[in-house]
Amino acid sequence: MDAFSSSSFLSTLPISFPKNKSPSPPNLTILNVSSVRIEEKTVTTTRKPTPTPQPPEQSPEQTRKPPPQRKATAVSRRPAGEVSLPTLIFNGFDEFINTFIDPPVRQSVDPRHVLSANFAPVDELPPTECEVVEGALPSCLDGAYIRNGPNPQYLPRGPYHLFDGDGMLHAVRISQGRATLCSRYVKTYKYEVERSIGSPVIPNVFSGFSGLTASAARGALTAARALSGQFNPGNGIGLANTSLALFGGKLFALGESDLPYAVKITPDGDVITLGRHDFDGKLIMSMTAHPKIDPETREAFAFRYGPMPPFLTFFRVNPDGVKQPDVPIFSMPTPSFMHDFAITKNYAIFSDIQIGMNPLDLLNGGSPVGASPGKVPRVGVIPRYAKDESEMRWFEVPGFNIVHAINAWEEDEGNTIVMVAPNIMSVEHTMERMDLVHAAVEKLTIDLKTGMVFRQPLSTRNLDFGVINPAYVAKKNKYVYAAVGDPMPKISGVVKLDVSVSEADRRDCIVGSRMYGPGCFGGEPFYVAREPDNPEAAEDDGYVVSYVHDEKSGESKFLVMDAQTPNLDIVAAVKLPARVPCGFHGLFVKESDLNNL
């Protein structure tokens, strides 16, 4: 499934959320943690004599280019060796909760399972030259491919969910056929606070609740940390670990529990965090990690959701970066996990799915976030430029639960809306057992005149992280490139779907495929056009790129595949100087756009 980031409605609660424990995989040991050092296949954590994290060990090739000095931030670093009394007390209480009140019992939040294999975190890597070991990098890739994902700064003391890690950007900077890799944390407020103290401070959001006792204990601890001045919740607790987006003249790292963080890529390939961005004070709460940018108008459409009415708020940002007024949607009666949406030329489409929030489940020792079997999923349609929700229309679509939307467009002179998205067939496993989740890509058709809704499967394979040629956002597209779950969150290959096949018959729409091979797993694919400025270019005249890791050899590569070939032939393979862990969503930014940041 995905990579949703920290949930925006959970992060607004005044309590913390951790839990569980499961069989530990071989070659992985986790002890008590304050500072950590990560090995490739063995994770060993030891308590250090100083709470100040030490610089990671680097190979000679890594040390040839030191990272640039960061400017002073609002968070001051405590002198080495100095640990405040409140920190000692809070960390002791935290360890007591994680050991006796709410240990990581379930596999989904046991760090020994969640952070195994290529999900284990890595150190930062300064810009380091890579070796092109196969083929040649096309000139249209001059720029940077950047992928976001969770990478905890400190190994968790207790429960940890895959979505809880600090955001880390892995950027391949390409110029004239040469490539440089850089891996940097997004320097969020949370990251800086915990780095200054030398241990985790702000609680994990997605690790869930284990009943009232654990929730009350962690809530009290979090409140005590805030009251003592360890952190200020008003500065945000987001991870910025989900995706990236380029709009309004800025490049953003996004996580839906906070405001976006502006970042930039330097000419030598380094990744710099510029800071938390509130659009001149007009965005005071979180926003989706999946804004939609119209390729023709260059507007960005976005939303946020939360635990208090209105549970959904829609807004847009002009091409010049000026945010427009919010449009609150009060016709959604309960909070829903709304991770993504879609746009057409005239509409925005939202999915009110069965995954939602029910705090009453805490009374039974459960999680307040989960599936509601009795709820009927709905799809909401609202004009893109609506001033209020008076024109919002909801359509019931039983069994339609999407976390990601691939694309949407209009037909029949705007009287019909078509949306393509992976539908989760086993929604009850979404948060706890992603390995049991199967998502089948479907085409949803809404007749705005009659109110009739039709569903049509496009493929039976377990597919998610579907992408298209970015020039076709909000327009009818033919091709989709999607990741193959084996099972999710591991991705064993990428397939190409021809959506138009479904217009003639109901056979599977897969027309191209590349599997990475035994023990090799990749990430979300991304499409890069060969001639992005040529309006006559074919929709699939370009390349599909992704990171791929070989768990047997321990080697990571950046692959470039020909999007037009049936086997998605490899055009270039770049051997990376360090491991790139599994992650979430990525983005390619061309050279001219990088220069304008």
Side-chain angles (χ1 to χ4, degrees), residues 118 127-149 169-183 244 246 265 269 465-471 479-484 491-497 511-517 520-534 537-550 553 555-594:
N118 196 40
T128 305
E129 190 170 347
C130 309
E131 178 185 2
V132 180
V133 294
E134 182 178 348
L137 292 167
S139 59
C140 66
L141 290 181
D142 280 4
Y145 170 70
I146 317 141
R147 208 235 34 224
N148 204 342
L169 303 181
H170 304 274
V172 169
R173 183 76 156 85
I174 300 171
S175 179
Q176 299 180 345
R178 301 182 68 178
T180 298
L181 175 69
C182 178
S183 298
L244 298 110
L246 178 68
I265 311 296
F465 295 98
V467 299
I468 63 171
N469 183 332
Y479 299 111
V480 171
Y481 303 89
V484 180
I491 294 171
S492 59
V494 58
V495 297
K496 177 183 181 180
L497 290 82
V511 295
S513 174
R514 168 159 292 277
M515 305 307 290
Y516 299 132
C520 294
F521 299 97
E524 176 195 58
F526 193 85
Y527 178 88
V528 181
R530 188 171 64 86
E531 297 179 287
D533 299 321
N534 179 8
E539 180 184 338
D540 62 345
D541 184 9
Y543 304 95
V544 177
V545 300
S546 182
Y547 290 130
V548 176
H549 180 72
D550 187 332
S553 67
E555 182 176 277
S556 292
K557 290 181 179 179
F558 172 68
L559 293 187
V560 181
M561 296 163 273
D562 188 336
Q564 289 187 315
T565 57
N567 297 322
L568 301 179
D569 297 336
I570 295 178
V571 173
V574 178
K575 181 180 178 181
L576 303 177
R579 179 169 65 85
V580 174
C582 298
F584 295 157
H585 303 284
L587 180 72
F588 174 77
V589 183
K590 61 184 180 181
E591 185 74 27
S592 58
D593 287 333
L594 288 178

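Counting begins at 1 with the first residue of the sequence. Just so you know, these numbers come straight off a predicted model, no measurement behind them.
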Item to check | ring pair (Phe, Tyr, Trp, His ring centres under 6.0 Å) assessment of Tyr527 paired with Tyr481 | outcome: CA-CA 8 Å; Tyr527 178 88; Tyr481 303 89; 5.6 Å; yes
Within the structure provided, determine whether [X] and [Y] are in side-chain contact (heavy-atom separation under 4.5 Å).
X      : Y      : value
Ile491 : Phe465 : yes
Leu576 : Cys130 : yes
Val560 : Val545 : yes
Leu181 : Tyr547 : yes
Val574 : Val172 : no

At what distance, to the nearest 0.5 angstrom, does [atom1] of [X] lie from [atom2] of [Y]?
X      : Y      : atom1 : atom2 : answer
Ile265 : Tyr145 : CD1   : OH    : 12.5 Å
Leu594 : Phe588 : CG    : CZ    : 7.5 Å
Cys520 : Lys557 : SG    : NZ    : 8.0 Å

Next on the checklist: One pair to check against side-chain contact (heavy atoms from CB on, under 4.5 Å): Tyr543 and Val571. What are the steps and the verdict?
Outcome noted: CA-CA 8 Å; Tyr543 304 95; Val571 173; 3.8 Å; yes
State, to 0.1 Å, how close [X] and [Y] come at their nearest heavy-atom pair, and which atoms those are.
X      : Y      : result
Gly269 : Pro127 : C-CG, 3.9 Å
Gly586 : Glu524 : N-OE1, 2.8 Å
Ile174 : Ala179 : CG1-CB, 4.3 Å
Pro470 : Phe526 : CG-CZ, 4.3 Å
Gly466 : Val480 : CA-CG1, 4.4 Å
His170 : Ser183 : ND1-OG, 2.8 Å

Checklist entry - If you measure from the Lys or Arg side-chain nitrogens to the Asp or Glu carboxylate oxygens, is any gap between Glu129 and Arg178 under 4.0 Å? => result yes
Under 3.5 Å: donor-acceptor pair, side chain of [X], backbone of [Y]:
X      : Y      : result
Glu555 : Lys575 : no
Ser556 : Val580 : yes
Asp562 : Gln564 : yes

Item to check | Non-neighbouring partners of Arg173 that pass salt bridge (charged side-chain N to carboxylate O under 4.0 Å, His left out), sequence neighbours left out | outcome: Glu591
Checklist entry - Please, which pairs that meet salt bridge (Lys or Arg N to Asp or Glu O under 4.0 Å) have at least one residue in residues 538-549, sequence neighbours excluded? => result Lys496-Asp540, Arg530-Asp541
Next on the checklist: Would Leu246 and Asp593 count as a side-chain contact (heavy atoms from CB on, under 4.5 Å) here? Give the steps.
Outcome noted: CA-CA 9 Å; Leu246 178 68; Asp593 287 333; 3.7 Å; yes
Item to check | Verdict with reasoning, Leu244 to Arg147, per side-chain contact (heavy atoms from CB on, under 4.5 Å) | outcome: CA-CA 8 Å; Leu244 298 110; Arg147 208 235 34 224; 5.7 Å; no
Give every donor-acceptor pair under 3.5 Å between a side-chain atom in residues 132-144 and any protein atom, sequence neighbours left out.
unit_1, atom_1, unit_2, atom_2, d
Asp142, OD1, Gln176, N, 3.2

Checklist entry - Ser513 and Val495: side-chain contact (heavy atoms from CB on, under 4.5 Å), yes or no, with the steps? => result CA-CA 4 Å; Ser513 174; Val495 297; 3.8 Å; yes
